[in-house]
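Written out below as structure tokens is the structure these notes cover.
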Amino acid sequence: MDHARRAEELRTQLREASHRYYVLDAPTLSDAEYDRLFRELEQLEKDHPDLLTPDSPTQRVGAAPSEKFARVTHRHQMMSLANAMSSEDLDEFVERVHRLLGDEKVRWVMEPKLDGLAVTLTYEEGRFVQGATRGDGLVGEDVTQNLKTIKMIPLQLSHAPAGRFEVRGEVFINKRDFVRMNEEREKAGEPTFVNPRNSAAGALRQLDPRITAQRPLSIYFYEVGEAAPFATHWEKLQKLKNYGLRTNPENELLESVEAVRDKYRRLLEKRHDLPYEIDGTVVKVDSEDQRRRLGAVSRTPRWAIAWKFPAEEEATTVENIFVSVGRTGALTPVAELKPVYVGGVTVGRATLHNEDELRRKDVRVGDRVFLRRAGDVIPEIVRVIVEDRPPEGRPPFEMPKTCPVCGAPVHREPDEAVTRCTNLSCPAQLVGRLRHFAGRLAMDITGLGEETCIRLVQGGLVKTPADLYSVTREQWLSLERMGEKSVDNLLAALHASKKTSLRRFTYALGIRMVGEATALALARRFGSIQAMLDATLDDIQAVRDVGPIVGEQIFTFLQNPENRTAIGRLLAAGVAPEPEAAPAAAGAFAGKTVVLTGTLSRYTRDQAKAEIERRGGRVAGTVSRKTDFVVAGGDAGTKLKKAQELGVRVVDENGFADLLK
Ligand code: IVH
């Protein structure tokens, strides 16, 4: 047989073997046989380079590392799903579908909601030509070379549709592979990943495909790009599988809403037995014609919803309780836990907030507790498993009577929940104040982390933030773990921080109850630090967003002689806060209250907020009737829903970008 024929035969055999192994889960070749055929093909291609085709099974890890990913504009937008957090939310979704479709019968398809990364793959005449991440739904990153290393992605489809064909799926890592990978990383002294999703994302966004190839990535396919040439979603899923594109065997076609609920319960029960992480289910209308008529709102289809599972709870042990002291002297009890994986991350600590909270929950060292984490919320201890306490009991935790850091007496106002250290020069408070001062939203001094602040304070080099500017190069170098390079960077950052805005400066002062929004309002109203220092209590209380209580705090702070000296020293050190640009009096954002929700791809939250505020808008945290509009990024949830209910105007990321122009 001639070489070309043999090469083609080998490719076909290997492809079929992969298909049977990964897609049909019914292997026919042993691993050894597969390897033998694979090596034969490799040898043939080496001897006859003209026989090599780009879709050959040997070509998965061919490409060299790249500098950065090229951007890919999606031919068809990649939408995201609205969330249903409860059974009532599901009812609403179903009702809306029925309202829009009249009395038509609706069939449903339900799929596990994989917690991974959405990708879109383009095939041309059955050959894999390009793969991209979702990005913001409109533009993603070209990760073709990395996707090629995933063995369950066919480089050539069988019975492929002619022309261009775009298919979408989720890249993920199995739980077991994730654990194994972390064990190996730990042994090699490399940092471990917090959850399978992050490690999958990291692997897929590797510039060197050889590294991606070593990560155990999997994929399931669930949608296609173009207006589908299929009558139903179910048919589409069957076809994908025939082409060699893996679909989730848990997917099910369901005839009624009762069946949907039943499937949800079954998946919830099965959740921990599945080899991969899921955070809920996806409920989809089956008929493609009905889907077309239902359409989409901004970037979420009306024909599908992500019905999420409830927050996860896990049991773990409290190994210790310690008390941390913050910049205002507040004593916060913190539980140190035996690390536990819950709701998608590994958790080793949980705040117990304050004395009352600690009493209420009665958490004691050695207790078994339930830890809960809902979405991206801070993990919290739900309750102690009292049944697990030994018969002789355990001593309750007592808040210390003196500051655990400086030993000064602590004090708690009768009507306050917080206990505070009474020593204003307590090193812990000082460290906290320095950290706040240097923070990203304050003076933004990069390189001044917690460790460095502690060493500065311990070394007696700094007593107030102003001292930071007079620490000499030699003194910085004398600190542990400070090399030439980091000192130079830090000195540059300190120098750069002197040119700042009045808003940042005001926030950096660390006045109690003054967050960034209030700092901005003060900066706008007074225009200079001197005007702020000269302001009367009435002046301050009249500022937008400042009530009588906060006003009192601010006034007292600004009148305090020590604080006035500290401010004077900062100005003398060369810190020069620039007045805030007057907010635009006209334009889309002037005087408007805006709520940001979901993930934006082109802006961080801080950037989006800054852009809005520069244009005279205000960013609020919750949606109400007073909200002028909501900017909804990908995966927007309850806030978007609330806005729709209240009839508040919603814009997506593109709409937002247009308004900024
Ligand atoms: S369908 C418009 N099906 O969830 C429908 N998505 O917010 C497009 N996901 O970006 C998505 N499992 O990353 C669909 N079986 C599934 C899914 C799924 C996970 C992810 C996907 C998407 C996000 C939706």
Side-chain angles (χ1 to χ4, degrees), residues 74 76-85 89 93 97 108-121 131-141 143 166-173 196-198 200-201 204-205 217-228 230 233-234 236-237 240-241 245-254 260 263-264 267 271 274 276-286 288 290-292 294-309 344 375-376 597-601 632-638 640-641 652-653:
H74 298 307
H76 307 271
Q77 189 181 55
M78 286 181 79
M79 295 195 280
S80 57
L81 299 169
N83 290 332
M85 304 306 289
D89 287 356
F93 162 74
V97 167
W108 309 93
V109 174
M110 245 168 126
E111 304 168 5
K113 184 162 191 298
L114 293 155
D115 202 8
L117 256 101
V119 289
T120 181
L121 278 71
T133 59
R134 176 174 183 281
D136 64 353
L138 298 172
V139 179
E141 286 177 325
V143 288
E166 205 182 316
V167 60
R168 290 174 178 177
E170 197 86 351
V171 171
F172 62 96
I173 286 186
R197 195 197 129 79
N198 282 5
L204 200 59
R205 302 193 65 259
L217 294 173
S218 303
I219 192 164
Y220 276 126
F221 293 94
Y222 47 62
E223 287 294 339
V224 295
E226 41 265 275
F230 310 104
H233 183 57
W234 193 244
K236 176 197 311 166
L237 291 173
L240 291 184
K241 191 169 162 181
L245 298 161
R246 254 164 59 103
T247 53
N248 196 322
E250 300 295 333
N251 297 343
E252 229 175 292
L253 175 64
L254 303 159
V260 166
K263 172 78 179 170
Y264 177 86
L267 274 175
R271 168 183 206 181
L274 291 173
Y276 41 79
E277 199 84 52
I278 64 173
D279 57 354
T281 65
V282 184
V283 183
K284 300 175 174 179
V285 168
D286 184 41
E288 290 291 339
Q290 288 178 338
R291 284 188 179 195
R292 263 188 298 278
L294 288 164
V297 204
S298 93
R299 267 190 246 167
T300 54
R302 287 203 195 84
W303 45 260
I305 198 157
W307 188 6
K308 294 286 193 88
F309 287 153
D376 45 10
T597 182
T599 28
L600 298 176
S601 59
D635 275 329
T638 40
L640 172 59
K641 230 184 102 192
D652 63 9
E653 182 160 354

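Every number for a ligand or one of its atoms is a count from 1 in the order of the listing.
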Report yes or no: do His233 and Glu111 form a side-chain donor-acceptor pair below 3.5 Å?
yes
Tell me: protein heavy atom nearest atom 19 (C) of ligand 1, and distance?
Leu114 O, 3.2 Å
for atom 2 (C) of ligand 1, nearest protein heavy atom and its distance come out as Pro301 CG, 3.4 Å
Would you say ligand 1 has an N or O under 3.5 Å from any N or O of Val282?
no
Report the nearest protein non-hydrogen atom to atom 15 (N) of ligand 1: residue, atom name, distance rounded to 0.1 Å.
Glu111 OE1, 2.7 Å
What part of Ala304, side chain from CB on, backbone N/CA/C/O, both or neither, has a heavy atom under 4.0 Å from ligand 1?
neither
Residue-level breakdown please: for Leu81 versus ligand 1, do any non-hydrogen atoms fall below 4.0 Å on the side chain, on the backbone, on both, or on neither?
both
Nearest non-hydrogen contact to atom 9 (N) of ligand 1 from the set Arg299, Glu170, Glu223 belongs to Glu170
Sub-3.5 Å donor-acceptor pair from the side chain of Arg291 to the main-chain atoms of Val285, do we have one?
yes
Separation between CD (Gln77) and CZ (Arg134), nearest 0.5 Å, reads 8.0 Å
So, does Pro112 sit close enough to ligand 1 that a heavy atom of it is under 4.0 Å from the ligand?
yes
Option with minimal heavy-atom separation from atom 3 (N) of ligand 1, where the choices are His233, Lys284, Gln77, Met79
Lys284
Please evaluate residues Tyr220 and Glu170 with respect to the criterion side chain to side chain contact (heavy atoms under 4.5 Å, CB included), reporting the C-alpha separation (whole Å), side-chain torsions for both, the decisive distance (0.1 Å), and the verdict.
CA-CA 6 Å; Tyr220 276 126; Glu170 197 86 351; 5.6 Å; no
If you look at every heavy atom in Tyr264 and Met110, which pair is closest and at what distance?
N-CE, 3.7 Å
Side chain to side chain donor-acceptor pair (under 3.5 Å), paired with Lys641, selected from Thr597, Asp89, Asn83:
Asp89
Starting from atom 11 (C) of ligand 1, locate the nearest protein heavy atom and write down its residue, its atom name and how far away it is, to 0.1 Å.
Tyr222 CE1, 3.9 Å
Residues Thr281, Lys263; criterion side chain to side chain contact (heavy atoms under 4.5 Å, CB included); working and verdict:
CA-CA 9 Å; Thr281 65; Lys263 172 78 179 170; 6.0 Å; no
